Amino acid sequence: IDSGGDAQEILKEMRKYDYDNETVRTQLTKHYKSLYQQAITDKNDEEALRIRKSLYYLGVGFTVNTFLEWANETKK
């Protein structure tokens, strides 16, 4: 993800079809959660931060807690 480009494109496309924030968030989660968790596992802080910022700033309901939950799931 470069400056949220991919996430922005996904959001733009979904908005064309009037998807609500919850649906958009679900679809983005399906795509980015595993990527984020892999970055955490690989200790790739730069990539994890890039994903967090990209999704958080879309304004569709991703919160700090979202990413804490995803990270905690990798420790189980």
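In this text, all values refer to a predicted model and were calculated from it rather than measured experimentally.
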Side chain to side chain, [X] and [Y], heavy atoms closer than 4.5 Å:
| X | Y | answer |
| --- | --- | --- |
| His31 | Leu28 | no |
| Thr41 | Gln38 | yes |
| Leu35 | Glu47 | no |

**OP:** Could you check Lys75 against Asn72 for side chain to side chain contact (heavy atoms under 4.5 Å, CB included), going step by step and ending with a plain yes or no?
**Re:** CA-CA 5 Å; Lys75 297 174 185 174; Asn72 286 336; 4.0 Å; yes
Verdict with supporting geometry, Lys16 and Glu13, salt bridge (Lys or Arg N to Asp or Glu O under 4.0 Å): CA-CA 5 Å; Lys16 283 184 192 176; Glu13 189 65 24; 3.3 Å; yes
Sorted by chain and number, sequence neighbours left out, salt bridge (Lys or Arg N to Asp or Glu O under 4.0 Å) with Glu46 holds for Arg50
All heavy atoms of Ala39 vs all of Ala48, minimum pair found to be CB-N, 3.8 Å
When Thr26, Asp20, Asn21 are each screened for side-chain hydrogen bond (donor to acceptor under 3.5 Å, both in side chains) with Thr23, the one that passes is Asp20
Rounded to the nearest 0.5 angstrom, the CZ-CG distance for Phe67 and Leu49 is 10.0 Å
Quiz: residues 57-65 side-chain donor-acceptor pairs under 3.5 angstrom, not counting sequence neighbours:
unit_1: Thr63; atom_1: OG1; unit_2: Asn65; atom_2: N; d: 3.3
unit_1: Thr63; atom_1: OG1; unit_2: Thr66; atom_2: N; d: 3.3
unit_1: Thr63; atom_1: OG1; unit_2: Thr66; atom_2: OG1; d: 3.3

Can you hop from Leu68 to Trp70 via hydrophobic side chains spaced under 4.5 Å?
no
